Amino acid sequence: MKIALLGYGKMGKTIEAIALSRGHEIVIKTSEALNSEITAADIAIDFSIPEAAFTNISNCINHNIPVISGTTGWLDNYNKIVSLCEEKKGAFIYASNFSLGVNIFFELNKTLAKMMSSLKDYNVDIEEIHHTQKLDAPSGTAISLAEDIIENHNNFTSWKLDGNKDNVLPITAKRIENVPGTHNITYKSEVDTIEINHIAHNRQGFALGAVIAAEWLHGKTGVYTMKDVLNIG
Ligand SMILES: NC(=O)c1ccc[n+]([C@@H]2O[C@H](COP(=O)([O-])OP(=O)(O)OC[C@H]3O[C@@H](n4cnc5c(N)ncnc54)[C@H](O)[C@@H]3O)[C@@H](O)[C@H]2O)c1
Ligand SMILES: O=C(O)C1=N[C@H](C(=O)O)CCC1
């Protein structure tokens, strides 16, 4: 496939290497708003910044280019993209985390939340740790994990960064040099602790998942998720 990389930072460069190794061609790579036509590409992969994602994705859909987005921190506009995609009969996948490991972790998190739902002696919290250049907090992955706990556990109605109220699931965000992405979910009582975690060792897993999603989406129309791509859960 001819791929446009919208965002050529840490993730864009990792995706480029994996896409080339799988026989794809990079026809556009940009680290700023695109001036040239996107139509040279078969598909676009957006890993840019929160302020740019909505425009980048809309531009692709308006030009009938299928688009994958891994950019986090723009989801207030997600429903607008879904509507645009339906109107234009476009193709779109967003995932807060494209790695296979995290998508398995998402399923574990839902199952654990269901199992813990009636056990009132446990306090739950989510901790995410990322590198110091990350622009958004909490991470998109932590928000996905929180939304899945809220849906599957009776005790919570919302989440909050550093929250400490009943019925509000607290998320803690830490920033440490060079950490690619760690997520810990902890259920703690007076007598014991149950913890599940996912630790990314590098960015390869995110990038491979994004390229696999692009290969899967090419030739389809509609709005999909990584659950559709990986057929898990
Ligand atoms: N979904 C996932 O699996 C996953 C994994 C890792 C990172 N991310 C997300 O991907 C995004 C990028 O992460 P990163 O680590 O590569 O960041 P980065 O800062 O290294 O790269 C972002 C790049 O986007 C460029 N940019 C700025 N404005 C732009 C515009 N209008 N159009 C295109 N590019 C523009 C910047 O110049 C920069 O080169 C972040 O939102 C991050 O949270 C998601
Ligand atoms: O490095 C980042 O930035 C990451 N962003 C995603 C998120 O916000 O969850 C995925 C993990 C890495």
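Numbers for residues simply follow the sequence, beginning at 1. Since the model is a prediction, treat every value here as computed from it, not as a measurement. In each ligand, atom 1 is the first atom listed, and ligand 1 is the first ligand listed.
- Under the 4.5 Å side-chain criterion, counting only non-hydrogen atoms from C-beta, Thr72 is in contact with Lys134.
- With a 4.0 Å heavy-atom cut-off, ligand 1 is reached by no atom of Ser139.
- Distances from ligand 2 to the non-hydrogen atoms of His131 include at least one value under 4.0 Å.
- Residue Ala142 does not touch ligand 2, judged by heavy-atom distances below 4.0 Å.
- Considering backbone and side-chain N/O of Leu6, none are found under 3.5 Å from N/O of ligand 1.
- Atoms of ligand 2 found under 4.0 Å from any heavy atom of Asn97 (numbered from 1 in listed order, with element): 10 (C), 11 (C).
- Within ligand 1, counting atoms from 1 as listed, the ones closer than 4.0 Å to a heavy atom of Tyr8 are 39 (O).
- Counting heavy atoms closer than 4.0 Å to ligand 1, residue Lys134 contributes side-chain atoms (C-beta onward) but none from N, CA, C or O.
- Note: an N/O pair closer than 3.5 Å links Ala33 and ligand 1 by distance alone.
- The shortest N or O to N or O distance between Lys134 and ligand 2 is under 3.5 Å.
- Ligand 2 lies nowhere less than 4.0 angstrom from a heavy atom belonging to Ser144.
- Atoms of ligand 2 found under 4.0 Å from any heavy atom of Pro180, numbered from 1 in the order shown, are 12 (C).
- Neither the backbone nor the side chain of Ala53 comes within 4.0 Å of ligand 1, counting heavy atoms alone.
- Proximity of His183 to His130: side-chain heavy atoms (C-beta onward) are separated by under 4.5 Å at one or more points.
- With Ala95, Ser96, Gly181, Gly140 as candidates, the residue nearest to atom 10 (C) of ligand 2 on a non-hydrogen basis is Ser96.
- Looking at Met11 against ligand 2, nothing comes within 4.0 Å, counting heavy atoms.
- If you number the atoms of ligand 2 from 1 as listed, the ones under 4.0 Å from a heavy atom of Phe206 come out as 11 (C), 12 (C).
- Taking any N or O of Thr141, backbone or side chain, at least one lies under 3.5 Å from an N or O belonging to ligand 2.
- How far NZ of Lys110 is from CD of Glu151: 7.5 Å, rounded to the nearest 0.5 Å.
- The shortest N or O to N or O distance between Phe206 and ligand 1 is not under 3.5 Å.
- Taking the side chain as every heavy atom from C-beta outward, Gln204 and Thr14 approach each other to under 4.5 Å.
- Taking the side chain as every heavy atom from C-beta outward, Tyr122 and Thr186 never approach each other to under 4.5 Å.
- Looking only at protein heavy atoms, the nearest one to atom 27 (C) of ligand 1 is Ser31 O, 3.4 Å.
- Contact annotation: Ser96 has at least one heavy atom less than 4.0 Å from an atom of ligand 1.
- Residue contacts with ligand 2, taken as heavy atom pairs separated by less than 4.0 Å, do not involve Glu128 at all.
- At least one heavy atom of Glu32 sits less than 4.0 Å from an atom of ligand 1.
- Residue contacts with ligand 1, taken as heavy atom pairs separated by less than 4.0 Å, do not involve Thr55 at all.
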